[in-house]
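Input: a single structure, listed below in structure tokens.
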Protein chains: 2
Amino acid sequence: MDSSILQDSQSNAPAKPVQREHSECMGILRPIRDALDVLNGKWKLPIIVALTFGEKRFGEISREVHGITDRVLSKELQDLVMNGLVKRTVTDTFPVKVTYALTPHSESLQEVIDSLRKWGVLHRTYLQNEDRKAS
Amino acid sequence: MDSSILQDSQSNAPAKPVQREHSECMGILRPIRDALDVLNGKWKLPIIVALTFGEKRFGEISREVHGITDRVLSKELQDLVMNGLVKRTVTDTFPVKVTYALTPHSESLQEVIDSLRKWGVLHRTYLQNEDRKAS
DNA sequence: CGGTATCCGATAGGATACTG
DNA sequence: CAGTATCCTATCGGATACCG
């Protein structure tokens with residue numbers, strides 16, 4: 001199987017294994033891409049963050065996540081519901097009240113969000129230092 | 001400063017503070033969006049992951065991050081260099097050898113990557129359970 | 001209030017070909 | 001090997017209008 005071949009044309013190449021560098025084959029990249037497929041885009045994580053403070057109505061989310069339009073919010077919420085990260089609840093009063101809340105499964109995202117938030121702060125600091133140096 | 005006002009029109013409203021729900025004003029959403037602005041897209045984090053195993057040449061990254069095209073890889077690397085996350089080094093041999101490596105600053109991303117990878121695994125498990133239930 | 005429909009521009013990203 | 005140039009499509013996301 002691993003009969004120490006040299007695939008390089010230079011026969012005096014050091015004993016560096018040929019494989020090894022394939023982090024994808026090692027299954028490290030796949031989960032990352034799985035996660036990105038679900039979370040990618042400008043709005044999904046901000047919406048989830050807004051909901052971490054408790055269930056909210058459509059208009060509340062809209063106001064809290066500055067800049068998002070109704071159309072996009074609607075679509076993103078549908079995506080999140082489909083992926084099991086958000087639960088949509090219709091209360092049958094008049095007028096109808098619709099609330100969105102995180103699911104138990106989405107609570108596992110907290111670590112992702114925390115690390116991302118921390119890094120966002122760090123990166124902003126980094127950029128400021130760069131700017132100062134450049135000036 | 002916090003002279004216990006009621007801004008609500010209903011004077012008998014309970015003591016729930018009117019603000020509170022504005023996580024954006026509380027500065028929680030802003031770092032998240034900062035981070036997403038830099039990291040968003042399908043490829044940036046996978047490229048960084050590939051580089052965590054050591055500096056690599058263009059072709060090596062291309063092979064490791066399956067599915068990316070040369071054009072996109074080129075553009076993404078430029079973005080990452082501009083954001084201070086990747087260092088590009090030209091060794092002046094013949095043919096020219098170009099290597100890409102992470103910068104010290106990008107090592108602070110490790111926590112983001114780890115949490116994202118862990119969540120990717122978790123989410124895949126979650127989806128499989130959902131499918132099983134649905135069948 | 002809680003959305004959907006329609007339209008549209010901007011950008012992400014893929015295919016292919018080519019260069020030093 | 002390490003890209004760039006060109007072209008193209010699909011998706012993202014904004015504006016506006018409208019509906020129950």
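Within every chain, numbering begins at 1; the chains are lettered A, B, ... in the order of the sequence lines, protein sequences first and strands thereafter. These numbers come from the heavy atoms of this one structure, side chains and all, not from hydrogens, waters or symmetry mates.
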Practice task
Tell me which residues in residues 66-73 of chain A put a heavy atom below 4.0 Å from DNA chain D, sorted by number, or none.
Solution key: A/Thr69, A/Arg71, A/Val72
Practice task
Look at A/Arg63 and C/dG2 and indicate whether a side-chain polar atom (N or O) is within less than 4.0 Å of OP1 or OP2.
Solution key: no
Problem - With A/Asp37 via side-chain contact (heavy atoms from CB on, under 4.5 Å) - residues at least two apart - result: none
Practice task
Using heavy atoms and a sub-4.0 Å distance, could you list which residues of residues 74-82 of chain B are near DNA chain D? By number, please.
Solution key: B/Ser74, B/Gln78
Problem - B/Lys56 NZ - D/dA2 C1' separation (whole Å) - result: 17 Å
Completion exercise
Residues of residues 28-45 of chain A with a heavy atom under 4.0 Å from any atom of DNA chain C, listed by number, are none
Handout entry: pair A/Leu36-A/Ile32: side-chain heavy atoms closer than 4.5 Å
Key = yes
Handout entry: Nearest-Å distance for atom pair CZ/C1', residues B/Phe58 and D/dC1
Key = 10 Å
Problem - A/Tyr126: ring-ring contact (aromatic ring centres under 6.0 Å, His included) partners, not counting sequence neighbours - result: A/His123, B/His105
Practice task
Mind calculating the distance between CD1 (A/Ile47) and P (D/dC12) to the nearest angstrom?
Solution key: 13 Å
Problem - Sugar-phosphate only, base, or nothing, as touched by B/Tyr100 at under 4.0 Å among non-hydrogen atoms - result: sugar-phosphate
Practice task
Taking the side chain as every heavy atom from C-beta outward, state whether A/Leu116 and B/Leu116 have any pair of such atoms under 4.5 Å apart.
Solution key: no
Could you pull out all donor-acceptor pairs under 3.5 Å where a side-chain atom in residues 85-101 of chain B meets a protein atom, sequence neighbours excluded?
from, atom 1, to, atom 2, distance (Å)
B/Arg88, NE, B/Tyr100, OH, 3.2
B/Thr93, OG1, B/Pro95, O, 3.0

